[in-house]
2 protein chains.
Amino acid sequence: MARLPFNQQVRQAREDAIVDAVNRQLAGKGFDLMTMDEVASEVGIAKASLYKHFDSKEALAAAAMKRLLGRAQAELDRIEAQGLPTPLARLEAVVRWTMRVQLDGEMPSLPSQNSSLRAALMADMAYLGQLMAVSERLGHWITEAQSQGQITTAVPAEVVLYTLFARACDPVLGVLKAGGHAPDQVIEWVMATTFGGLATR
Amino acid sequence: MARLPFNQQVRQAREDAIVDAVNRQLAGKGFDLMTMDEVASEVGIAKASLYKHFDSKEALAAAAMKRLLGRAQAELDRIEAQGLPTPLARLEAVVRWTMRVQLDGEMPSLPSQNSSLRAALMADMAYLGQLMAVSERLGHWITEAQSQGQITTAVPAEVVLYTLFARACDPVLGVLKAGGHAPDQVIEWVMATTFGGLATR
DNA sequence: GTCTATATGAAGATAGAC
DNA sequence: GTCTATCTTCATATAGAC
């Protein structure tokens, strides 16, 4: 690791603080309702200063998403290092992690249908690269689990992947939590419906 | 059925056309990105005229949601009349219907986290009443299916209910459809993951 | 009830001094 | 790079004539 000059360390720390705030805003109210004014005031800087660090609101959201994907990769590393016995166990561990992040209020939620944001993300090579990297690692675990008979082959691996991704922004989690249930309980319930299904076996 | 005076029939037809447009907008871009200007122009009337029929943007969305719930109840009637052999079969039929509606671009999607809209809906007794009616009918089928051993008792009926509701706005449907898969195929895949789960049996 | 025209406010983005 | 002050756009909602 090359040591950065002090100035750049300060800049990096500030941008981290900004992305922190953005992440909270995205998790709490979503992209459309997030305002640059509120982000700025939460960080404690002027709105104009935000634009010295990030070109646009979309760029802010993209930064939050990229940091999340970075953390996801670190989590995948951690899970791999854990030496779990099966690919299914690894997939379960990832899903538990994403649900934990969401229940902790740290999952930036992108409205699935915002054209300006979607366009910005689809043009962001760093973002796309990270997304593909995560998808490919998970895809590998999925096909492995399928070939070992742990994950159903009734649907293609692609469908399994999207289903797992969807748990990261599943509104059921929030509803159950709002209903007064403990986060651990909520997670186990949704794990049960996701992997076990609703019908009896 | 009492016959309405002609004037009121016209008014009703116009409001139906408005709610049609709102429904399309909500399905396509969601509440936050829907604008009164666009709704008005789609209906072919002036924006100010909208406000003669509905008090606010929130009221428009609420009207669309109430009509959807009305249609859901009609669908529940239809399913009951079909004489399906088990409560599980009835639940499967409902979920297929909601997914079909979404894939047809007719499912108004409310951002789960919009305070002004949530507040308006929670203050709308007609909406709440319809929502409760639908929930209770489904809840009945669910407990019935659980007591007959068709639906898992590993999670409470409440969790089953929310899980079924969530399929109505599941982003996985859109992603798979955008990936070029036929709607019928998409629905059967998501049915399989929802009721069968991802893990092998 | 429908229209045109406008009030009002919010939010993304920028100018320009320091 | 940070600030204050401002520009610009756009969207909700309303005024007032017909």
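In what follows, chains carry the letters A, B, and so on, assigned in the order in which the sequence lines appear, proteins first and then strands, with residues in each chain numbered from 1. Only a predicted model underlies this, so the values are computations on that prediction, with no experimental measurement involved.
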**Asked** Closer than 4.0 Å, any side-chain N/O of A:R11 to the OP1 or OP2 of D:dG1?
**Response** yes
**Item:** All side chain to side chain donor-acceptor pair (under 3.5 Å) counterparts of A:T143, not counting sequence neighbours
**Value:** none
**Fill in**
Sequence neighbours excluded, the answer for salt bridge (Lys or Arg N to Asp or Glu O under 4.0 Å) partners of A:R137 is A:D77, A:E80
**Prompt:** Taking only residues two or more places apart in sequence or in another chain, which ones pass side chain to side chain donor-acceptor pair (under 3.5 Å) with A:E144?
**Reply:** none
**Complete:** Taken to the nearest whole Å, CD/A:Q9 to P/D:dG1 is 14 Å
**Request:** Applying side chain to side chain contact (heavy atoms under 4.5 Å, CB included) between A:W141 and each of A:L88, A:I151, A:V94, report the one that passes.
**Result:** A:V94
**Request:** Rounded to the nearest angstrom, tell me the gap between atom CZ in A:F54 and atom P in C:dT14.
**Result:** 16 Å
**Item:** nucleotides 7-18 of chain D: protein proximity per nucleotide (B base, S sugar-phosphate only, - neither; heavy atom, under 4.0 Å)
**Value:** ----SBBBB---
**Item:** Rounded distance (Å) that lies between atom P of C:dA15 and atom CG of A:L50
**Value:** 17 Å
**Item:** Pairing residues for B:W189 by the ring-ring contact (aromatic ring centres under 6.0 Å, His included) criterion, not counting sequence neighbours
**Value:** B:H181
**Fill in**
Those residues at least two apart in sequence (or on a different chain) that pass side chain to side chain donor-acceptor pair (under 3.5 Å) with B:N114 are B:D32, B:S116
